[in-house]
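Here the structure is a predicted model, which is why all the values come from computation and not from measurement. First listed ligand is number 1; within each ligand, the first listed atom is number 1. Quick note: numbers below take in every heavy atom, side chains included, and nothing from hydrogens, waters or symmetry partners.
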Amino acid sequence: MNSAVVTAGIFAAWALLFLAILLILAYRRASLALSSCVLGLLLAAYWVFGAAPHWWKIALCVPFASLLLLNIRPLRVRAMTRPFLRSYRRLLPPMSTTEREALDAGTVWWDGELFTGGPDWNKLMSAKVPTLTPREQAFLDGPCEDLCAMLDDWDVTHVRADLPPEVWNFIKAQGFFGMIVPQRYGGLEFSAFAHSCVLIKIASRSTTASSTIAVPNSLGPAELLLHYGTDEQKNHFLPRLARGEDVPCFALTGPRAGSDAASIPDTGIICKGQWQGSEIVGIKLNFSKRYITLAPIATVVGLAFRLFDPDRLMGDKQDLGITCALIPRDIPGVSIGRRHFPLNVPFQNGPIQGHDVFVPMDAIIGGFKMAGLGWRMLVEQLSVGRCISLPSSATGGAQAAVYASAAYARIRRQFNMPIGRFEGVEQVLARMAARTYTMDAARSVTAGAIDGGEKPSVPSAMLKYHATELGRMIANDAMDVHGGKGICLGPNNYLGRGYQIVPVAITVEGANILTRSLIIFGQGAVRCHPFVLKEMNAARNQDREAGIRDFDRALMGHMGFAISNAARSFVMAMTFARFTKVPKTGTTMRYFQHVNRYSASFAFATDIAMLALGGYLKKKETLSARLGDVLSMMYLASMVLKHHENQGREEADLPLVEWACRSLLYQAQEQLHLFLRNFPNRPLAAFMRMVIFPRGMTYFPPSDRLGRSIVDLIMSPTASRERMSQHIYKTQVSNNPLGMLQEALILSTMAEPLEKRIRVEGVKTGRVTALDLPGQISQAEGLGILSEAEAVMLRDYDAKVSHLINVDDFAPEELAAGSGSASCGANAGPVR
Ligand SMILES: Cc1cc2nc3c(=O)[nH]c(=O)nc-3n(C[C@H](O)[C@H](O)[C@H](O)COP(=O)(O)OP(=O)(O)OC[C@H]3O[C@@H](n4cnc5c(N)ncnc54)[C@H](O)[C@@H]3O)c2cc1C
């Protein structure tokens, strides 16, 4: 063999050895000292045994010498950390107090693990499994079930545009408004999980009722009083709120301050005024709020405004900042009672204005000591409510939609087949079910984390965004599967109002575009990243020396972290993440491994993006949104895996779990790809692509076959179908379409063989000539193709199906606004 070829071969072998050792050290996150030792030994071996020219060996020593110098702290600080810190301080975007408070709020949970590039699955797997106490279960089976039975959504949404008085009374008397209030104040004191299950059940029946009940149990007066109220305020208000004697609302949004809620122009001026016959120092309020849920009927108004003390009556500060107060409704200057009309779902919602409203200082929640701390109070408490209200209501709506659509797709026949058996419909049903499973997993596992003491702020934004977006997709799909049946409103339409309320859920508690573009990654990158916040805090430290010391430590950690994630991302992409350590869970194990892979790629991309774009990344909303999507997809996939474990690793549910994980991880890949496609620094984008996708994009979405297995599960009365809709209102009573659809679905399993017999033995042989089923049943019975009992059963089934597929019609004048008529055409009314 030619000696040049041999030399080249030996050179390549050494190069590979160096690369392999570097990758192993980085992959295993070896310390700087250990890495220096190992590389030093390798270099020494190369000096002795390597056949390279001298100049090449010396050249190799240069990077190694730099590595060695990094080990000497004083030298490193002077040569690297100090100059870097100077530039970092210049680049660090200024942070307002409100931003700082938002960042500090809540806790970091599984979201933090996903930022590490190597999540510790034990943390998630050992998290509390959410369960209901007997008291909570009894409430779901008792008052909650009764409330659902009382609700007639057509009457609520079309006839009276409100809940009927008896429903209002029931809600208040049974404590629905006090689910978060401790029992010592007369509340129900439910766990986050129970609270979530209650909302699921009610949302599956009436979105007007679920919105009404969600609000007092979310961020608002009760929550703020619980955490910040004075004893006097707690003792007075909490029992009244729990019993529904006071109805609260919380007014933050105004005509000029929507998404940018901290910019509220509403003012409170500290001044002297008359209160109950005497002159006191109080607050004169001027405000204009809109979209406030429960405002038209509220008795106490939680109000956010900016507090000023121009005459310095309470101290030196003139602009005290955003403050939250609780003011009574019936007070001079307050205009309240008018209603907005949110897309035909008439929960109480309206504007409130106040002109020179004078209230005493103790109207401030927590008293004067909490003046100016309103924004902090709001962001600190936002995470829990945001994890529960909208995600649970959206999940309830989605579960109802899937439960109904799958049954409808079985009983509705076209071209002589249940429509759900056509591949096109099958595909839609499969994604509806898997997305619903994802939503249920995310809301229940996260509720379990809250019950374990977490206040997960970044997950709350992810949950809010994705649960409502998935809800939107499912609502659209349910409409498509139902065709005209979903479109014609009336007492028999069980989809229309759920479809209409979707944009409300998308808009409230942080509008979705903003939540995706600014909050999820923006907050996550600072809050959850293991080093970024430490670096920022060190850079802002007034004690310069301590700042440099902390910054140096964080910077070194950060550098090692980034290098390690690059290696992990590359190795896992090359090996399809086969060798990464995850819990041994059988079929689902590969999904855990893929989450590991994307976690490393995501962490690596995040670091490069922050390094290259700095504060500009905040303005590049589309990039930030895509990284946020990757984080969310990993989070949701983890929730699905944990949920499956929580439910006892049910083998039958695997198609749902697999479809959900495949689709989520595929989306993670696609969003990473789009992030790279749009990254402004092209050479860096190319480098990242090499590290993240060295084999190209190899992950595929779920197969059609997997979709078919899901449809088999949900179009039959299976345990999986029941499990995934566990908490919705599906009692089989005549005025509950979900219950009636389930009954028909069960009957269809007996009716279908009989229908087939008529077709095969009657229609195909020409003995049965009738065109419609009732006629065919009679002829088949006469010909002995069906027994009398079978004919009775099939007639009953057909009558039920006819009722379920029928739609409402109205006399022309009945639809005019104010006609007040609920009566409608022949199709209305219970079938039994
Ligand atoms: C039915 C209903 C009930 C409500 N209940 C209450 C309540 O009880 N109490 C209360 O205080 N408020 C309530 N709200 C207000 C709600 O929180 C706001 O509507 C929401 O914050 C958005 O404000 P906006 O509607 O003014 O939209 P805008 O702020 O005008 O936003 C319009 C669009 O621009 C997007 N956007 C804005 N800024 C950015 C950005 N920087 N980057 C990317 N996109 C951006 C938003 O995502 C949105 O899509 C309610 C609203 C509705 C409709």
Side-chain angles (χ1 to χ4, degrees), residues 96 98-99 102 157 161 177 207-208 210-224 247-266 287-298 300-305 322 324-327 336 338-354 374-375 377-379 381-382 385-386 389-390 393-394 461 464-465 468-469 472 497 500-523 617-626 628:
S96 65
T98 45
E99 276 178 297
T157 57
F177 284 166
T207 48
T208 308
S210 64
S211 306
T212 302
I213 289 168
V215 167
N217 289 294
S218 190
L219 181 59
E223 179 95 65
L224 294 175
V247 176
C249 67
F250 190 77
L252 173 66
T253 309
R256 287 175 195 281
S259 298
D260 185 9
S263 67
I264 35 180
D266 310 293
F287 56 90
S288 173
K289 304 288 192 184
R290 66 176 181 183
Y291 307 144
I292 309 306
T293 302
L294 293 186
I297 53 141
V300 282
V301 178
L303 189 74
F305 56 91
I322 295 175
C324 296
L326 211 51
I327 65 168
I336 191 168
R338 291 188 64 77
R339 292 180 65 179
H340 298 307
F341 192 21
L343 284 170
N344 278 340
V345 183
F347 58 91
Q348 295 284 339
N349 180 282
I352 318 175
Q353 290 92 24
W375 191 251
M377 290 157 65
L378 293 176
V379 293
Q381 300 311 323
L382 179 67
R386 199 164 52 176
S389 305
L390 289 163
S393 306
K464 191 272 156 174
Y465 176 81
T468 53
E469 290 294 339
R472 163 149 64 187
R497 298 308 189 205
Q500 284 181 305
I501 201 174
V502 164
V504 174
I506 299 283
T507 300
V508 300
E509 291 193 11
N512 276 11
I513 299 178
L514 170 124
T515 301
R516 173 173 179 252
S517 316
L518 270 188
I519 312 287
I520 297 177
F521 180 74
Q523 200 172 349
L617 184 56
K618 194 171 161 186
K619 288 212 180 77
K620 292 294 298 167
E621 286 192 350
T622 52
L623 290 183
S624 165
R626 287 181 181 121

Name the one of Thr207, Val502, Val504 that satisfies side-chain contact (heavy atoms from CB on, under 4.5 Å) with Val345?
-> Thr207
Looking at [X], which atoms of ligand 1 are within less than 4.0 Å of one of its heavy atoms?
X      : value
Leu252 : 10 (C), 11 (O)
Phe250 : 7 (C), 8 (O), 9 (N), 10 (C), 11 (O)
Glu621 : 40 (C), 41 (N), 42 (N), 43 (C)
Ile292 : 7 (C), 8 (O), 9 (N), 10 (C), 11 (O)
Asn349 : 1 (C), 2 (C), 3 (C), 4 (C), 5 (N)
Ala511 : 46 (C), 47 (O), 48 (C)
Val504 : 1 (C)
Leu518 : 41 (N)

Measuring to protein heavy atoms, does anything land under 4.0 Å from [atom]?
atom                    : answer
atom 35 (C) of ligand 1 : no
atom 20 (C) of ligand 1 : yes
atom 30 (O) of ligand 1 : no

Are the side chain of [X] and the backbone N or O of [Y] linked by a donor-acceptor pair below 3.5 Å?
X      : Y      : answer
Ser624 : Ser517 : yes
Asp266 : Ser288 : yes
Arg339 : Pro346 : yes

What pair of heavy atoms forms the shortest contact from [X] to [Y], and how long is it?
X      : Y      : result
His340 : Tyr291 : NE2-N, 3.1 Å
Thr515 : Ala461 : CG2-O, 3.7 Å
Gln353 : Lys289 : NE2-O, 4.4 Å

Nearest-neighbour protein heavy atom for [atom], which is reported as residue plus atom name and distance:
atom                    : result
atom 8 (O) of ligand 1  : Thr293 N, 3.0 Å
atom 39 (C) of ligand 1 : Leu514 CD1, 3.5 Å
atom 52 (C) of ligand 1 : Val508 CG1, 3.4 Å

Considering only heavy atoms, which of [options] lies nearest to [atom]?
atom                    : options                        : result
atom 25 (O) of ligand 1 : Tyr291, Phe347, Phe341         : Tyr291
atom 28 (P) of ligand 1 : Pro255, Ser259, Gly302, Gly258 : Ser259
atom 44 (N) of ligand 1 : Leu378, Ile513, Leu343         : Ile513

Using heavy atoms and a threshold below 4.0 Å, how should the contact between Thr507 and ligand 1 be classified: side chain, backbone, both, or neither?
-> both
Any N/O pair Thr253/ligand 1 closer than 3.5 Å | yes
Side-chain donor-acceptor contact under 3.5 Å, Thr157 with Arg497 = yes
Side chain proximity check, Cys249 to Gln348, heavy atoms < 4.5 angstrom | no
Sequence neighbours excluded, the answer for side-chain hydrogen bond (donor to acceptor under 3.5 Å, both in side chains) partners of Asn512 is Lys464, Thr468, Glu469
Kindly write out the residues that satisfy side-chain hydrogen bond (donor to acceptor under 3.5 Å, both in side chains) with Lys620, not counting sequence neighbours, or none if the list is empty.
-> none
Could you give me the CA-CA distance, side-chain angles and deciding distance for Leu219 and Leu224, then say whether side chain to side chain contact (heavy atoms under 4.5 Å, CB included) is met?
-> CA-CA 7 Å; Leu219 181 59; Leu224 294 175; 4.1 Å; yes
